[in-house]
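Counting starts at 1 for both ligands and their atoms, in listed order.
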Amino acid sequence: MNLPEKFLERMEKILGDEYEDFIKSFDREHYKGIRVNTLKISVNDFKDISPFELEKVTWSKEGFYIGEKSRPGKHPYYHCGLYYIQEPSAMIPVEVLDPKPGEKVLDISAAPGGKATQIGAKLKGEGLLVANDISPKRVKALTKNIKVFGIKNSIVTNESPKNLAEKFKSYFDKILVDAPCSGEGMFRRDPKASKNWNNYSVDQCCGMQREILDWIPKMLKPGGKLVYSTCTFSPEENEGTIQWFLNKYPEFEIEEIKNIDEIDNGRPEWIQANQELTKAKRAWPHKIKGEGHFIALLRKKDGDVFNLNSFKINKGNIDSFIDFKNEYLKDSLQGNLHLKCNKLFLVPNDLPDISGLRLGNLGLYMGELKKNRFHPSQGLAMALKREQVSNTINFSSDSIEAVKYLKGETLLVNGEKGWRLVCIDGFPVGWGKQTKEHLKNNYRPEWRMK
Ligand SMILES: C[S@@+](CC[C@H](N)C(=O)[O-])C[C@H]1O[C@@H](n2cnc3c(N)ncnc32)[C@H](O)[C@@H]1O
């Protein structure tokens, strides 16, 4: 593999004896991984039906290595949201953050959603996930992944950290900053990353990281935890950025990472930083089965607490939704129904006033009220279980019908007229509208199988 000269010079200088092993690791294939979505299936049940051979990732109960030749993005289970395709080391930061049901968690630079979907699954539907990214294009992918995963207790925002800090004062129990970085840890997986390396200097990246981190103290509760992670090796963007943060915000302290033993400590001596920074962790591709990562865990010792105004629920005439619910839904869903421009949302409890923020998604978008009829959304299908709906149709994952449905085709099948929740091996994947002999396809066009 062709690696930038300046990168090699720096790594040789700092790694010394380890450099040879480090460089050799770039000739190996990268490890492919998936993470099971426990909102939809338990890890044990997934093992029973997995289309891929699985080998455990030691630092994540839900994480598995899959064979190099596996194509997880092509399987119908991917469309059902049974797993997320994720590089195994990228599972570490959320394991360190350790979100618990009921907590309020911010993933401030979340797109495309690898770590946000991991947080959402760990919250088990209780508490709130705010998944944010500054890039409008990347927020689209983030929103899709949150919906496919069936995460109802979340909002997706497309905002600057400054605008978020105005709305979420001392609000979060935990914040993840999975920072934009020079991406050196991804060179093996993505050769483009090494080509782009010269365009993103370490200095520039440090600037972006500080710009984000500067707003975190305002948003974290006293006692709250911050995880900072990157996928790069450069000491300046790792130990250096955290040293800068600790100097500027003395109300924070760095904590020992206790639940991940497999990876090395931080290396403050590389940039004459404080010895405390050995408490951070570094994943090295020549030492573990995964790519390069840096992770630091910090705690906010003290600070002020604020009372925030609550989100204002907008009520209106939702009779057509009530008719839909009475006809098709067996359970009532938890949350507050909020109507905005004929669109109906199920908004999580405890949401503060977020007026003025650019949103990619608000709670669970249920569907649209169109001319006295309710049209259920793709996201609603993904957030439901088969048992919650009275009119369903199931296809086997190896059937031609499953593929046809995912490609957006109309299916020649009989059944009870009206909306039907389409499932694959019992897992909901979308809606269809049954007429006399046809099932009209309502699978979202942008999500179709190619
Ligand atoms: C390493 S990626 C995040 C990967 C993501 N956490 C995941 O696991 O899928 C860094 C992200 O930071 C975003 N970003 C860059 N500057 C930002 C800023 N000032 N505020 C919020 N997000 C920012 C980028 O658009 C990019 O999506």
inquiry  = Under 4.0 Å, counting heavy atoms only: does Arg138 come that close to any atom of ligand 1?
reply    = yes

ask   = Can you list the ligand 1 atoms lying under 4.0 Å from a non-hydrogen atom of Ile108?
value = 21 (C), 22 (N)

ask   = Of all residues at least two apart in sequence or in a different chain, which pass the side-chain hydrogen bond (donor to acceptor under 3.5 Å, both in side chains) check with Glu159?
value = Asn163

inquiry  = For Asp178 and Ser109, which I'm curious about, is there any donor-acceptor pair between the side chains at under 3.5 Å?
reply    = no

task = Determine, using heavy atoms of Ala179 and all atoms of ligand 1, whether some pair is separated by less than 4.0 Å.
result = yes

key: Polar side chain donor-acceptor pair, Tyr249 to Asp214, under 3.5 angstrom   = yes

query = Can you name the side-chain hydrogen bond (donor to acceptor under 3.5 Å, both in side chains) partners of Tyr84, sequence neighbours left out?
reply = none

query = Which ligand 1 atoms, with their elements, are less than 4.0 angstrom from a heavy-atom of Ser135?
reply = 25 (O)

key: Any side-chain donor near an acceptor of the partner, Thr230 and Asn238, under 3.5 Å   = yes

message = Check for me whether Ala90 has a heavy atom closer than 4.0 Å to any atom of ligand 1.
response = no

task = Please report which non-hydrogen protein atom sits nearest to atom 23 (C) of ligand 1, along with the residue it belongs to and the distance in Å to one decimal place.
result = Ile134 CG2, 3.4 Å

inquiry  = Suppose I only count heavy atoms of Pro161 and a 4.0 Å limit; which atoms of ligand 1 are within that range?
reply    = 19 (N), 20 (N)

ask   = So with a 6.0 Å cut-off around NZ of Lys301, is the heavy-atom count from everything else above 12?
value = yes

key: Options Leu213, Leu176, Asn145, Asp178, ranked by nearest heavy atom to atom 6 (N) of ligand 1, top entry   = Asp178

